[in-house]
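We're numbering straight along the sequence, starting at 1.
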Amino acid sequence: MAAEADDIVLSKQDLRAVTAFAAACAEAVLDVFESDRPDDPRPRDAIDAAWAFARGGERGKSLRDTAWAALKAANDTDTPAAREAARAAMAAAGAAYLHPLAKATQVKHILGAGAHAARAAELVAGDDRNVGAGHARQTAPRATVAVVDVLARFPAAPGGGGRVGELIRMLDADLRARGSLRAARGSLRAARDPS
């Protein structure tokens, strides 16, 4: 089947790389949810399902079901930070379903878990935006070359989305800058050693 002009080619390995990044982001704040709701395994189940796919498992109903369950867990908590941590888990499981469409909205599948995790961190710190921005900066190095390569295939993150949208755009800009720097270094090395 020929790809349409606005389709993006994504391999299963690309999806696994993105999902591993998202799972690592969500896992970093899982304790925020679990300290609020210690008997609710739904966000952990979503992260575990994301890791299972990232490590070679298949996409299937259980992955989708755990994503939906984590979203329900987010809606069942009264604590804003715990809610964002559960949404990060939902986004981690949902990352496996990144669509190969050249639409800016797809960037949320790549960076949503990281942005929700950063929002959870800043809410734990009394809604300190510096903490959220710092968490996002610390998240960016978790992205592998493969994740940055996938991100570069999509348009820049869209506007809107409140504070989580701002954090998505912050991560997007940071990772694209890292990718550009990496490409520039590669070009410089190639120019120095043309063999």
Side-chain angles (χ1 to χ4, degrees), residues 3-11 14-26 28-29 43 46-47 50 53-54 59 63-64 67-68 70-72 74-75 80-81 83-123 127-183:
E4 294 182 23
D6 62 349
D7 283 353
I8 292 172
V9 176
L10 292 173
S11 70
D14 291 334
L15 294 174
R16 291 184 197 289
V18 167
T19 303
F21 170 67
C25 291
V29 295
I47 293 169
F53 170 71
R59 291 189 309 177
L63 188 59
R64 287 182 194 257
W68 285 115
L71 180 60
K72 288 178 184 172
N75 294 334
R83 188 174 306 120
E84 291 300 328
R87 287 179 180 157
M90 178 270 306
Y97 294 97
L98 171 64
H99 300 293
L101 304 171
K103 295 186 176 181
T105 54
Q106 292 304 307
V107 172
K108 294 175 188 177
H109 282 291
I110 303 169
L111 304 177
H116 283 290
R119 180 66 178 139
E122 76 183 12
L123 287 167
D127 205 6
D128 184 340
R129 288 177 172 240
N130 291 324
V131 169
H135 188 90
R137 280 190 302 277
Q138 291 172 350
T139 296
R142 288 188 182 126
T144 63
V145 172
V147 171
V148 175
D149 178 60
V150 170
L151 179 65
R153 297 176 206 169
F154 289 88
R163 179 61 178 156
V164 171
E166 290 174 14
L167 291 163
I168 286 174
R169 287 186 294 280
M170 189 180 304
L171 274 168
D172 185 44
D174 191 359
L175 291 178
R176 287 177 195 275
R178 288 171 190 265
S180 295
L181 181 59
R182 196 174 289 132

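V18 and I110 make their closest contact through CG1-CA, 3.9 Å (heavy atoms, listed as atom of the first residue, atom of the second, distance). Taking both residues in full, the closest heavy atoms of V148 and A143 are given as CG2-CB, 4.2 Å, listed atom of the first, atom of the second, then distance. In this structure, I47 and A89 approach most closely via the heavy-atom pair CG1-CB, 3.8 Å. The two residues A104 and P155 come nearest to each other via the heavy atoms N-CG, 3.8 Å. Pairing each heavy atom of A88 with each of A26, the nearest pair is O-CB, 3.4 Å. When all heavy atoms of A46 and A93 are compared, the pair lying nearest together is O-CB, 3.8 Å.
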- [ ] Decide side-chain contact (heavy atoms from CB on, under 4.5 Å) for F154 and D172; before the verdict, give the C-alpha distance in whole Å, the side-chain angles of both, and the deciding distance to 0.1 Å.
- [x] CA-CA 10 Å; F154 289 88; D172 185 44; over 6 Å; no

TODO: Start with the C-alpha gap between D127 and R119, add the side-chain angles, then the distance that decides, and say whether salt bridge (Lys or Arg N to Asp or Glu O under 4.0 Å) holds.
DONE: CA-CA 8 Å; D127 205 6; R119 180 66 178 139; 2.5 Å; yes

Open item on the list: What verdict does the side-chain contact (heavy atoms from CB on, under 4.5 Å) test give for K108 and V164, after you've listed the backbone C-alpha separation in whole Å, the side-chain angles of each residue and the deciding distance to 0.1 Å?
Closed with: CA-CA 10 Å; K108 294 175 188 177; V164 171; over 6 Å; no

- [ ] Please report the C-alpha distance between I8 and L101 in whole Å, then the side-chain angles of each, then the deciding distance to 0.1 Å, and finally whether the side-chain contact (heavy atoms from CB on, under 4.5 Å) criterion is met.
- [x] CA-CA 6 Å; I8 292 172; L101 304 171; over 6 Å; no

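Judged as a salt bridge (Lys or Arg N to Asp or Glu O under 4.0 Å), the pairs with a partner in residues 154-163 (not counting sequence neighbours) are, in order, E122-R163, R163-E166. Applying the side chain to side chain donor-acceptor pair (under 3.5 Å) test to every pair with at least one member in residues 133-142, sequence neighbours left out, gives no pairs at all.
Taking D14 as the reference, S11, R153 meet the side chain to side chain donor-acceptor pair (under 3.5 Å) condition, with sequence neighbours excluded.
Taking CZ of R83 as the start and CG of L71 as the end, the distance is 11.0 Å to the nearest 0.5 Å. Going from atom CG of N75 over to atom CZ of R87 covers 6.0 Å, rounded to the nearest 0.5 Å. To the nearest 0.5 angstrom, H99 atom NE2 is 10.5 Å from L10 atom CG. To the nearest 0.5 angstrom, H109 atom NE2 is 10.5 Å from T19 atom OG1. Y97 contributes atom OH, which lies 4.5 Å from atom CG of L63 (distance to the nearest 0.5 angstrom).
Side chains of Q106 and L151 form no contact here, defined as non-hydrogen atoms less than 4.5 Å apart.
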